[in-house]
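Reading through the structure tokens given below for one structure.
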Amino acid sequence: MKYWLFKSEPDVFSIDDLRARPQQTEPWDGVRNYQARNFMRDEMKVGDLGLFYHSNCADVGVVGVVEIVKEAHPDPTAFDEKSPYYDPKSSPDMPRWMMVAVKWKASFQRTVSLAELKQEAQLKDMRLVQRGNRLSVMPVTQAEFSHICKMAQRNL
DNA sequence: GCCAACGTTGGC
DNA sequence: GCCAACGTTGGC
């Protein structure tokens with residue numbers, strides 16, 4: 001079993017949006033980066049857990065946990081000319097982009113902010129806290145995952 | 001809104 | 001196959 005981190009802009013799709021969905025489940029569509037796609041396509045399995053991260057907002061940080069409930073399959077938004085994620089180079093015959101489906105597992109009592117993450121010696125190797133990181137889907141180690149869940153329970 | 005860092009594109 | 005130009009991401 002593996003552990004992951006999913007970034008989302010809460011103005012577009014937040015953890016509360018996920019929680020409000022039918023079955024509290026949503027396809028993670030719109031990923032248009034090869035490295036992120038490869039993680040989803042090649043490595044994610046049903047039952048893996050992911051951290052839900054809010055990016056590009058006033059309150060940047062990890063806000064909860066999701067579970068992978070469906071393995072990689074073609075992302076239909078790539079075929080939809082009206083979608084902001086449309087990619088003419090992807091077709092149902094030769095799908096270029098994949099997505100998994102995630103289910104809400106838990107919302108933290110508080111946001112574990114990026115600034116806090118950067119201060120943790122145990123997390124110094126995370127891609128998330130390193131310079132210029134732009135990956136929207138990335139692996140985290142089990143130790144990092146547990147550590148961040150523990151941080152969420154700290155009283156500040 | 002700014003801007004640094006990054007990934008992708010396309011000319012050669 | 002190189003690399004400059006460009007568009008995007010994302011923290012601040």
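None of these values were measured; they are calculated from a predicted model. A, B, ... follow the sequence lines: proteins, then strands. Residue 1 opens every chain.
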How does protein reach along nucleotides 7-12 of chain C, written 5' to 3' as B (base within reach of a heavy atom under 4.0 Å), S (only sugar-phosphate), or - (no contact)?
BBSBBS
Please list, chain by chain and in numerical order, all residues satisfying side chain to side chain donor-acceptor pair (under 3.5 Å) with E9(A), sequence neighbours excluded.
N56(A)
Results of salt bridge (Lys or Arg N to Asp or Glu O under 4.0 Å) for E144(A) - residues two or more places apart only
none
For residues 119-128 of chain A, which side-chain N or O atoms pair as donor and acceptor with protein atoms under 3.5 Å away, sequence neighbours left out?
from: E120(A); atom 1: OE1; to: H147(A); atom 2: NE2; distance (Å): 2.7
from: E120(A); atom 1: OE1; to: R154(A); atom 2: NH2; distance (Å): 3.2
from: E120(A); atom 1: OE2; to: R154(A); atom 2: NH1; distance (Å): 3.1

According to side chain to side chain contact (heavy atoms under 4.5 Å, CB included), who are the partners of S14(A), at least two apart in sequence or on a separate chain?
P10(A), D16(A), D17(A), H54(A)
Partners passing side chain to side chain contact (heavy atoms under 4.5 Å, CB included) against R19(A) (at least two apart in sequence or in another chain)
Q24(A), W104(A), S107(A)
